[in-house]
Amino acid sequence: MTVPLLEQETEKLITVPGVSWQQFKTIEVQLEENHAVKLAYLAGVLEIMSPIGDKHEYVKKTLSYLLEAYMRYQGIRFYGRGGFTLEAAGYASGTPDESYCIATNKEVPDIVIEIILSSGSINRTELYKPKGVPEVWFWRNHKIQIFSLNAVLEYEEVNRSRFFPDLDQELLLRFLAIPDQYDAVSQFIDFINDK
């Protein structure tokens, strides 16, 4: 199986159906050193995204800084896990843009965050369901959506995070909209300290 070269300047998303787990693992090894390529695999469908542009990284880092400032302010113990691959062998493999463990450091993070600029055909919540990730956050089209894993192990969209019930996602969006990252985080810290 050949994989198209991904050299474009803007984010490009390619979906390849009918890929076996073994083929996916071969492609993954071949692209191991190419950090501009992000792979996702779910039940025979491979998504290849490349390269991740400035907007993607900017939103990811700013949202991470805001969440970390909030957790520190609230005295919530957290462990940033970054983007590492969560895999259910033979079925699903996905790498979130950011992830956090709350209270204790665990093998499976409590929250994964995905910054979506180009929609693909893979249901991103399904990538993390086999590992039982409690919450999946998406930033897409200047909105934050939070999906919480319920008692019957299905994700449902919720208005507030179970880990941060007092944090309004509209507040995060307000500060994400500030064009300067340093100013955004500084003003957010000032805002929560003045409450």
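In this structure, Glu126 and Tyr91 have side chains that are in contact, with non-hydrogen atoms separated by less than 4.5 Å. A 4.5 Å side-chain heavy-atom check between Tyr155 and Asn150 finds every atom pair outside the cut-off. For the pair Cys101 and Asp110, the minimum side-chain heavy-atom distance is below 4.5 Å. Side-chain contact between Lys25 and Gln30 is absent, with no heavy-atom pair separated by less than 4.5 Å.
Other residues, nucleotides and ligands contribute over 12 non-hydrogen atoms within 6.0 Å of the CG atom of Asn193. Other residues, nucleotides and ligands place more than 12 heavy atoms under 6.0 Å from the CG atom of Asp180. Within 6.0 Å of the CZ atom in Arg77, the count of heavy atoms belonging to other residues, nucleotides or ligands does not exceed 12.
Across all non-hydrogen atoms, the minimal contact from Pro109 to Val133 is O-CG1, 3.7 Å. Of all the heavy atoms in Glu47 and Thr15, the pair that sits closest is CG-OG1, 3.8 Å. Taking every heavy atom of both residues into account, Val59 and Leu176 meet most closely at O-CD2, 4.0 Å. In plain terms, the two heavy atoms of Tyr100 and Gly80 that are nearest each other are CD2-CA, 3.7 Å. When all heavy atoms of Leu127 and Ala40 are compared, the pair lying nearest together is CD1-CB, 4.0 Å. Nearest heavy atoms, Ile192 versus Tyr73: O-OH, 3.0 Å.
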Kindly determine whether Glu135 and Trp137 satisfy side-chain hydrogen bond (donor to acceptor under 3.5 Å, both in side chains), including the steps that lead there. CA-CA 6 Å; Glu135 281 188 2; Trp137 290 37; 2.9 Å; yes
Under the side chain to side chain contact (heavy atoms under 4.5 Å, CB included) rule, what do Met71 and Ile102 come out as? Steps first, then yes or no, please. CA-CA 9 Å; Met71 289 186 281; Ile102 307 300; 3.7 Å; yes
Would you please test Val45 and Val19 for side chain to side chain contact (heavy atoms under 4.5 Å, CB included) and show each step? CA-CA 6 Å; Val45 177; Val19 177; over 6 Å; no
Apply the test side chain to side chain contact (heavy atoms under 4.5 Å, CB included) to residues Leu63 and Glu98: give CA-CA distance (whole Å), side-chain angles for both, the deciding distance (0.1 Å), then the verdict. CA-CA 10 Å; Leu63 180 56; Glu98 187 61 78; over 6 Å; no
Please determine whether side chain to side chain contact (heavy atoms under 4.5 Å, CB included) holds for the pair Leu173 and Leu171, giving the CA-CA distance in whole Å, both sets of side-chain angles, and the decisive distance to 0.1 Å. CA-CA 5 Å; Leu173 290 171; Leu171 180 67; over 6 Å; no
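Here Ile27 contributes atom CD1 and Tyr41 contributes atom OH; the two are 9.5 Å apart, rounded to the nearest 0.5 Å. Rounding to the nearest 0.5 angstrom, the gap separating the CD atom in Glu57 from the CD atom in Gln181 is 10.5 Å. Distance check: Asp168 CG to Ile144 CD1 gives 9.5 Å after rounding to the nearest 0.5 Å. The distance from atom NZ of Lys129 to atom CG of Asn123, rounded to the nearest 0.5 Å, is 7.5 Å. Thr62 contributes atom OG1, which lies 11.0 Å from atom CG of Leu67 (distance to the nearest 0.5 angstrom). Between Met49 atom CE and Thr95 atom OG1 the span is 10.5 Å, to the nearest 0.5 Å.
Classification of Lys38 and Asp97 as a salt-bridged pair holds, one side-chain N sitting under 4.0 Å from a carboxylate O. For Arg124 and Glu114, the salt-bridge test passes: some basic side-chain N is under 4.0 Å from an acidic carboxylate O.
The aromatic rings of Trp21 and Phe24 sit tilted relative to each other, their planes meeting at an angle between 30° and 60°. Between Phe188 and Tyr70, the ring planes are tilted. Angles from 30° to 60° get that label.
Transitive grouping of hydrophobic side chains (ILVMFWY, heavy atoms separated by less than 4.5 Å) keeps Tyr182 and Tyr58 in distinct clusters. Phe84 and Val29 sit in two unconnected hydrophobic clusters of ILVMFWY residues. Membership requires side-chain heavy atoms under 4.5 Å apart, directly or through other members. Following chains of ILVMFWY side-chain contacts shorter than 4.5 Å, one cannot reach Val136 starting from Tyr79, and the two form parts of different hydrophobic clusters.
A donor-acceptor contact shorter than 3.5 Å is absent between the side chain of Gln187 and the backbone of Ala184. Arg162 contributes a side-chain N or O that, together with a main-chain N or O of Pro134, makes up a donor-acceptor pair within less than 3.5 Å.
Under the 6.0 Å distance and 45° angle rule, Arg174 counts as a cation-pi partner of Phe191.
You'll find the ring centres of Phe138 and Phe147 inside the 6.0 Å limit.
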